[in-house]
Protein chains: 2
Amino acid sequence: MDKDISIAVIKRLPRYYRYLGDLLEHGVTRISSNDLARRMNLTASQIRQDLNKFGCFGQQGYGYNVELLYEEIKSILGLERTYNLIIIGGGNLGQTLANYGNFQKRGFRFTAIFDKNPRLIGLNIRGLEILDVATLDNYLKTNSVDIAVLALPKTNVAEVLPSLIENGISGIWNFSHVDLKTPESITVENVHLTDSLLTLSYRLSQNEKGRKANGDTDHS
Amino acid sequence: MDKDISIAVIKRLPRYYRYLGDLLEHGVTRISSNDLARRMNLTASQIRQDLNKFGCFGQQGYGYNVELLYEEIKSILGLERTYNLIIIGGGNLGQTLANYGNFQKRGFRFTAIFDKNPRLIGLNIRGLEILDVATLDNYLKTNSVDIAVLALPKTNVAEVLPSLIENGISGIWNFSHVDLKTPESITVENVHLTDSLLTLSYRLSQNEKGRKANGDTDHS
DNA sequence: AAAAGAATGTATAATATTGTTACGAATAAA
DNA sequence: TTTATTCGTAACAATATTATACATTCTTTT
C-alpha cells in the first residue's frame with residue numbers, strides 16, 4: 001500500500017520530470033541530489049526525501065542515473081499509457097488547448113470537441129470537428145473517454161456535468177470558474193486563471209505597500 | 001506592518017471573492033461564517049481566522065455584510081486600481097487571453113500583444129494589433145506597463161526577459177514552461193498547464209492502482 | 001585489494017502550517 | 001431587559017513540511 005504522498009511532493013514531480021528531461025536532452029547521464037538541488041533551487045535532502053517516497057532510485061557514491069530516474073518519474077506520473085480527452089467548449093480556450101502539441105506529445109489525445117453554439121459546430125480544429133454538445137451523452141456511451149476538459153462558461157457547466165458523472169468519466173480538467181460537485185471517484189484538477197491573476201495582483205499590491213512604507217518612514 | 005499571511009490564505013482570497021460576488025448577485029445582504037462555511041466547504045472558524053488576518057469585517061450577532069466584505073476583499077486583492085498588461089506571444093494562447101473578457105472586467109487592461117512571427121504581426125485581436133517583438137523594448141520605455149504575460153514557447157523567453165527586467169516591469173504572468181530567473185522586485189505568477197495535467201494523470205493512475213488493489217485482493 | 005571519498009537513504013529534530021475548541025464580548029432580536 | 005446569535009481571538013492539537021545528521025553503500029583511486 002502506498003503511504004499517502006503529500007500534495008506538495010506531488011506538485012514537485014512534474015518539475016523534476018521537466019528538469020530531468022532537459023538534462024537528458026543535454027546528454028547528462030548522472031546527477032547528484034546536490035547538483036540537481038542547485039539547478040532547481042531546492043535542498044539536496046528534500047530531493048532525496050521526495051524521490052525516496054517512491055523508491056530507491058539512486059546509488060550511494062554515484063548519484064542518480066538521469067535516464068533511469070526520468071523513466072521512473074514518467075511511470076509514477078502515469079505517463080506510460082495514453083489518455084483520451086474530450087474538450088467541452090469550443091471557444092477560444094478549447095481551441096487553444098486542442099491546438100497545443102505538447103499535450104499530445106505526452107500521450108494526451110484529444111478525441112472530440114463539443115459546443116452548443118451552431119456557429120462553432122462543424123468547425124475543424126486540428127483535424128477535430130466540433131460536435132454538437134447534444135450528442136455528448138451518446139458519445140460518452142460509445143467511446144472510451146478518460147478526461148473531460150471543461151473550457152466553457154461557468155453558467156453552462158451544470159448542463160454537461162451530470163452526463164460526465166453518469167457515464168463514469170475518470171478525470172476532469174476544469175478551466176471553468178466554478179467549484180465542481182462531483183463524486184469522489186472523479187479526480188478534478190482545477191485551473192482557475194482568474195484566481196491566478198488575482199493572486200498576482202494581491203502580491204503586486206503588497207509589494208507596492210511595502211515600497212511605500214519603506215519610502216515614508218526611515219527605520220534605522 | 002502586515003504580519004505575513006500564509007500562501008494558503010492568499011490562495012483562498014480569490015475564492016472568497018468569487019463566492020461573495022455570487023451572493024451579492026443573488027441579493028444576499030448578510031452572511032454568517034457558519035453559512036459561508038457550509039457553502040464553501042470550509043469550517044466557520046477558518047473563515048473567521050482568514051478574514052481576521054486583514055481586519056475586523058464582521059459584527060457579533062450579525063455576521064458579515066456581504067457587500068462590505070466583498071469590497072474589502074476587492075481592496076485586499078488590489079483590485080481598486082487598473083493594471084496595464086502586455087501579452088508576449090501572439091499565438092493561440094496569447095490571443096485567447098486577450099479575448100477573455102473577464103480579465104478586462106476586473107481592471108486588467110491588455111494594451112499590446114507582441115510576436116516575432118511576421119505572419120502574426122499586424123493581426124488584429126479585439127482591437128489590438130499584434131506588434132513586432134523587436135519594438136518591445138521601445139514600447140516598454142514609452143508606455144506604462146504593469147504586468148507582462150508570457151505566452152510564448154520556452155525557447156524564446158530568454159529573448160524578451162532581459163528587456164522586461166531592465167525596464168522595471170512589476171509582475172509577470174508566466175504561461176511558458178520554464179522557471180524564470182528574475183530579481184526579487186518582480187512578482188512572478190506561474191501557470192504551468194502541463195504540470196497541472198501531469199498532476200491530474202498522477203492522481204488518476206493512483207486511483208487506478210487503488211481500484212485494482214481492491215479488486216485483486218480481499219483484505220477482510 | 002584496501003583506503004578514501006562521495007552520495008544516498010532514512011531516522012530524528014525543528015519549524016511551519018492548518019485546523020479545532022472554547023469562550024468572552026458585542027450585537028441583534030424578542 | 002433578556003436571550004440568542006455570532007464574531008474575534010487565544011490556546012491548543014494535529015499535520016505537514018523542511019532541515020539536520022549520520023550510518024551505509026557504492027565508486028574511485030592508488
Side-chain angles (χ1 to χ4, degrees), chain A residues 1-16 19-20 23 28-73 76 199 202-203 206, chain B residues 1-16 19-20 23 28-73 76 199 202-203 206:
Chain A
M1 185 98 27
D2 262 349
K3 318 136 202 173
D4 39 342
I5 312 290
S6 76
I7 323 154
V9 177
I10 294 167
K11 291 245 166 114
R12 278 196 288 272
L13 285 178
R15 196 151 166 265
Y16 287 127
Y19 273 81
L20 288 165
L23 288 172
V28 180
T29 56
R30 65 182 263 192
I31 192 147
S32 68
S33 59
N34 240 297
D35 193 356
L36 189 57
R38 201 168 340 104
R39 289 165 195 260
M40 294 187 65
N41 210 22
L42 298 169
T43 64
S45 92
Q46 182 170 42
I47 290 180
R48 291 204 298 276
Q49 275 187 69
D50 281 356
L51 298 178
N52 193 242
K53 294 234 159 83
F54 302 98
C56 301
F57 307 132
Q59 219 160 25
Q60 284 98 327
Y62 178 86
Y64 296 88
N65 176 306
V66 174
E67 188 173 0
L68 191 128
L69 186 56
Y70 181 77
E71 292 301 326
E72 287 288 356
I73 295 184
I76 292 165
T199 305
Y202 168 83
R203 292 197 282 146
Q206 286 308 106
Chain B
M1 186 98 26
D2 263 350
K3 319 134 201 171
D4 39 343
I5 313 289
S6 76
I7 323 154
V9 177
I10 294 167
K11 291 245 166 116
R12 276 196 289 271
L13 285 178
R15 197 152 165 263
Y16 287 128
Y19 272 83
L20 289 165
L23 288 171
V28 180
T29 56
R30 65 181 264 194
I31 191 145
S32 68
S33 57
N34 240 298
D35 193 356
L36 189 57
R38 200 166 343 102
R39 290 165 195 261
M40 295 186 65
N41 210 21
L42 297 170
T43 66
S45 94
Q46 181 170 43
I47 290 180
R48 291 204 298 275
Q49 275 186 62
D50 280 356
L51 298 178
N52 192 243
K53 293 235 160 83
F54 302 97
C56 300
F57 307 131
Q59 218 161 26
Q60 285 98 326
Y62 178 85
Y64 297 88
N65 177 307
V66 174
E67 186 172 0
L68 191 128
L69 186 55
Y70 181 77
E71 290 302 326
E72 286 289 354
I73 295 184
I76 292 165
T199 305
Y202 168 83
R203 292 197 282 145
Q206 286 308 106

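Chain A is the first sequence line, chain B the second, and so forth, proteins listed ahead of strands; every chain is numbered from 1. Just so we're clear, the structure is a prediction, and the values are computed from it rather than from any experiment. Hydrogens, waters and symmetry mates play no part in the numbers below; they use all other heavy atoms, side chains included.
At whole-Å resolution of the value, CG in B:Asp50 and C1' in C:dT17 are 12 Å apart. We find that CD1 of A:Ile47 is positioned 16 Å from C1' of C:dT10, with the value rounded to whole Å. Atom C1' of nucleotide C:dA6 and atom CG of A:Asp35 are separated by 13 Å, given to the nearest angstrom. Rounded to whole angstrom, the span from the CD atom of A:Gln46 across to the C1' atom of C:dT15 amounts to 14 Å. Here the P atom of nucleotide C:dA7 and the CG atom of A:Asn52 are 18 Å apart, to the nearest Å. Atom CD1 of B:Ile5 is separated from atom P of C:dA16 by 16 Å (rounded to the nearest Å). Per the geometry, CZ belonging to A:Phe54 stands 14 Å off P belonging to C:dG9, to the nearest Å. Here the P atom of nucleotide C:dG9 and the CG atom of A:Leu51 are 8 Å apart, to the nearest Å.
The shortest distance between the side-chain N/O atoms of A:Thr43 and the OP1/OP2 oxygens of D:dA19 is below 4.0 Å. Note on A:Arg12: a side-chain N or O is less than 4.0 Å away from OP1 or OP2 of D:dT18. For D:dA21, the OP1/OP2 oxygens have no side-chain nitrogen or oxygen of A:Ser45 closer than 4.0 Å.
Partners of B:Ser33 by side-chain hydrogen bond (donor to acceptor under 3.5 Å, both in side chains), not counting sequence neighbours, listed by chain and number: B:Arg48.
Looking at every heavy atom in both residues, B:Ala37 comes nearest to B:Thr43 through CB-C, 3.6 Å. Minimum interatomic distance between A:Met40 and A:Arg15 (heavy atoms only, all atoms of both residues): O-NH2, 2.8 Å. When every heavy atom of A:Leu23 is checked against every heavy atom of A:Ile31, the shortest pair comes out as CD1-CD1, 3.4 Å.
Screening residues 56-70 of chain B for side-chain hydrogen bond (donor to acceptor under 3.5 Å, both in side chains) gives B:Tyr17-B:Tyr70 as the qualifying pairs, with residues at least two apart or on separate chains.
No engagement by A:Ala44 is indicated, since no non-hydrogen atom pair under 4.0 Å with the nucleic acid exists.
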Determine, step by step, whether B:Ile73 and B:Leu51 satisfy the side chain to side chain contact (heavy atoms under 4.5 Å, CB included) criterion, reporting the C-alpha distance in whole Å, the side-chain angles of both residues, the deciding distance to 0.1 Å, and the verdict.
CA-CA 9 Å; B:Ile73 295 184; B:Leu51 298 178; 4.2 Å; yes

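For C:dT8, the base has no donor-acceptor partner in the side chain of A:Gln49 [N/O atoms by modelled type, under 3.5 angstrom].
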Which protein N or O atoms sit under 3.5 Å from an N or O of nucleotides 1-6 of chain D?
unit_1 : atom_1 : unit_2  : atom_2 : d
D:dT5  : O2     : B:Gly61 : N      : 3.4
D:dT6  : O4'    : B:Gly61 : N      : 3.0
D:dT6  : O2     : B:Gly61 : N      : 3.2

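The distance from the CG atom of B:Leu69 to the CD1 atom of B:Ile76 is 8.0 Å, given to the nearest 0.5 Å.
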